[in-house]
Amino acid sequence: ADPRNYRVDFGKLQKTFPSFGPSFDARRGARELSAAYRQASLTYENFTGRKFNRLLQLRHLMETGQLGDGLRWKGESGRP
């Protein structure tokens with residue numbers, strides 16, 4: 001069993017900034033993100049590919065011989 005507790009208490013925030021109030025909720029934030037992703041033509045395949053996944057990109061660079069085992073660029077200039 002996982003003993004961690006993910007309950008959050010915002011009491012300190014409320015005491016420190018009593019006039020603060022979020023301007024929108026999670027649902028609105030999700031809609032905003034979704035619209036921004038569509039506007040940027042970000043697809044699921046693009047998001048999960050090596051463009052946005054550092055480990056996939058490093059693996060690609062190593063498999064194509066551009067990076068060595070120590071994650072250093074190969075070649076004379078130090079970079080391909």
Rounded distance [0.5 Å steps], CZ in F52 versus CG in L42: 5.5 Å
Audit row: L67, K74, side-chain contact (heavy atoms from CB on, under 4.5 Å) steps and yes/no: CA-CA 5 Å; L67 284 182; K74 289 185 174 181; 6.0 Å; no
T43 side chain reached by Y37 side chain, heavy atoms, under 4.5 Å: no
Partner set under side-chain hydrogen bond (donor to acceptor under 3.5 Å, both in side chains) for S34, not counting sequence neighbours: R38
N/O donor-acceptor pairs under 3.5 Å from side chains in residues 9-24, not counting sequence neighbours:
| from | atom 1 | to | atom 2 | distance (Å) |
| --- | --- | --- | --- | --- |
| D9 | OD1 | G11 | N | 2.8 |
| T16 | OG1 | K12 | O | 2.7 |

Counterpart residues, side-chain contact (heavy atoms from CB on, under 4.5 Å), relative to L56 (two or more places apart): R50, N53, R59
Residues in side-chain hydrogen bond (donor to acceptor under 3.5 Å, both in side chains) contact with D2, at least two apart in sequence or another chain: R4
Set of side-chain contact (heavy atoms from CB on, under 4.5 Å) partners for D25, sequence neighbours left out: R27, R28
Partner set under side-chain hydrogen bond (donor to acceptor under 3.5 Å, both in side chains) for T64, not counting sequence neighbours: Q66
F47 atom CZ, over 12 foreign heavy atoms within 6.0 Å: no
